[in-house]
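Here is the structure we will look at.
As a basis for the values below, the full set of heavy atoms in this structure was taken, side chains included, without hydrogen atoms, waters or symmetry mates. Positions are given from 1 along the sequence.
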Amino acid sequence: MMVLLAKKKKAQIDPDILALTKIVGSKSILHHKEDLLSYDCDGFTIHKAMPKAVIFPKNTDEVAAAVKYCANHAIPFLARGAGTGLSGGAIPLNNEVIISLVKMKNLLSVDYENRKAVVQPGFVNLKLTNSISHKGYYYAPDPSSQYVCTIGGNVAENAGGAHCLKYGVTTNHILGLEVVLPDGEVIEISPNGILDTPGYDILGILTGSEGTLGIVTKITVRILKNPEAKKTVLAYFDRVEDGSHAVSDIISAGIIPAALEMMDQTAIEGVEAGAFPVGHPPDIEALLLIEVDGIAEGIAEQIEQILSVCENHHVRDVKVARDEKERDRWWANRKTGFGAMGAISPDYLVQDGVIPRSKLPEVLKEIRNISKEYSLRIANIFHAGDGNLHPLILFDSRIEGETEKALLAGTACLKACADAGGSITGEHGVGIEKKEEMRFIFSDEELEAQTAIRDVFNPHNLLNQGKLFPTPSRCMDIKKVVNETSLTKST
């Protein structure tokens, strides 16, 4: 009997992968499952999904060509920076092609005279300050992840940071953008960094749009001259209410600190178990980290006012950093706060609500009640000066039902912020994590107006689909039917 041996057929490669490889090169694309696992989520790890492929364009032309191919073939796609986002904005829910911008990581130019710099989107935030500090300049937005997060990602999320109380968030430092639209067209907005031009604020619309309107490929940013002097204060309080009232009174005294940070007892436990302990007393309920900067002549007076306010609110101990080394140690302790929670909990979920400063005591009390209701510890680290809270819900995903409880507790914290007249996010963005909670602060009509803007830029909804806005609910459909019926009857 003759035995016929069938030749093993060569595996067929997806034609889309071949086309994208032709655009970026074989060394700049990943498409095998084992290579894609690292891209199934960003810093929001509760939800995961696999991309179709990941490409690494090296310039704007390659981004535009890849986007045009995806648009012409109805392939969903999204942009990704360092993957440090905390709201799931870079999770490929729809088997997207991920356009990673990490190879576009150059500082293109610096204009010290006009105080601006031009960077590619993959340029790391802190690297900009490090690149210009020898000339006495710095870049103000300073999210805790600034040592790894990219400026392109900061633009997408409108990132803030500890010093945004005085200096503002990312949108206050963006002078111009180059953007690839979802059809592959490349546009430049305010290429010369001139902001006082007539017309709609397109820069403002794109900054914080969470990658749903276009892909930023070049950014003109504002750089600032280093302040003449700065001083940092650390204050310990036996009661969190006293620390909260001190925050409001510092601002009421007419002092605008560069930063005014607060941590509660659970957060202090975490940072003291982390990489940069400083010896905070374990039995205090709250600490304030306060920094003032500006003209040297006025700094001492501001520090005296701050010390006086703290003493009026029963501060246990308050001290001024003796030198830059001690100041850096205090800030390292604070800025590693999120990651330090891993030292006291297997998992955590960080939230990002905003409230009026005067509501701090009552909202923190409500968060304590939420902690008891869900039987989960909640650590609070926040930018107290501008009311941006970061409740960190500590849980163990290995225990059945705890992940779901953590998510419900997070939603309850955001509802408390919204009910206090605040917002569901100050700097982390909405992504997929908080999109249903958008209903806490926006009506159906307001959400429809915002999605109408998205439809102008992204009419086929191929770019970062399913992010930022809640899924249309049945109640919205019923409401439309009722309105249409009422209109018919009245006529």
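Looking at D242 and H314, their side chains never bring a donor and an acceptor atom within 3.5 Å of each other. Judged purely by distance below 3.5 Å, without hydrogens or angles, the side chains of E157 and H428 never pair a donor atom with an acceptor atom. Side chain to side chain, T60 and K218 fail the donor-acceptor criterion of an N or O pair below 3.5 Å. Looking only at atom types and distance, the side chain of N464 has a donor-acceptor partner in the side chain of K467 under 3.5 Å away. Side chain to side chain, N125 and D142 fail the donor-acceptor criterion of an N or O pair below 3.5 Å. Under the 3.5 Å distance criterion, with hydrogens and angles disregarded, a donor-acceptor pair is assigned to the side chains of N333 and H280. Between the side chains of E427 and H383, at least one donor N or O sits under 3.5 Å from an acceptor N or O. Looking only at atom types and distance, the side chain of T171 has no donor-acceptor partner in the side chain of N158 under 3.5 Å away. There is no side-chain donor-acceptor pair under 3.5 Å between T217 and Q120.
Classification of the Y138-Y167 ring pair by plane angle, with boundaries at 30° and 60°, yields perpendicular. Using cut-offs of 30° and 60° on the angle between ring planes, the pair Y139 and H173 is perpendicular.
For CD of E228, the number of neighbouring non-hydrogen atoms (other residues, nucleotides, ligands) closer than 6.0 Å is greater than 12. The environment of K105 atom NZ is sparse: at most 12 non-hydrogen atoms of other residues, nucleotides or ligands sit within 6.0 angstrom. Heavy-atom contacts from other residues, nucleotides or ligands closer than 6.0 Å to NZ of K231 number 12 or fewer. Residue-environment remark: CD (E297) stays at or below the threshold of 12 foreign heavy atoms within 6.0 Å. No more than 12 heavy atoms of other residues, nucleotides or ligands sit less than 6.0 Å from atom OH of Y147.
Counting heavy atoms from C-beta on, the side chains of M50 and L37 come closer than 4.5 Å. Contact of the L36 side chain with the H32 side chain is not registered, since no non-hydrogen atoms from C-beta on lie closer than 4.5 Å.
For E436 (side chain) and P470 (main-chain N/O), no donor-acceptor pair under 3.5 Å exists by modelled atom type. No donor-acceptor distance shorter than 3.5 angstrom exists from the side chain of Q265 to the backbone of A286, with no hydrogens or angles considered. No donor-acceptor pair closer than 3.5 Å links the side chain of S371 to the backbone N or O of I367. Counting only distance, with no hydrogens or angles, the side chain of E402 and the backbone of D396 share a donor-acceptor pair below 3.5 Å. Put simply, the side chain of T45 never gets that close to the backbone of C41: no donor and acceptor are under 3.5 Å apart. Between the side chain of E261 and the backbone N or O of L288 there is no donor-acceptor pair closer than 3.5 Å.
Ring to ring, F395 and Y348 are not that close: their centroids are 6.0 angstrom or more apart.
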> Would R377 and E269 count as a salt bridge (Lys or Arg N to Asp or Glu O under 4.0 Å) if you check the C-alpha gap in whole Å, the side-chain angles of each, and the deciding distance to 0.1 Å?
Replying inline: CA-CA 12 Å; R377 299 179 75 195; E269 179 189 345; 2.5 Å; yes
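The pair R327-D323 does not meet the salt-bridge criterion, since no charged nitrogen lies less than 4.0 angstrom from a carboxylate oxygen. By the 4.0 Å N-to-carboxylate-O rule, D293 lies close enough to K166 to be salt-bridged with it.
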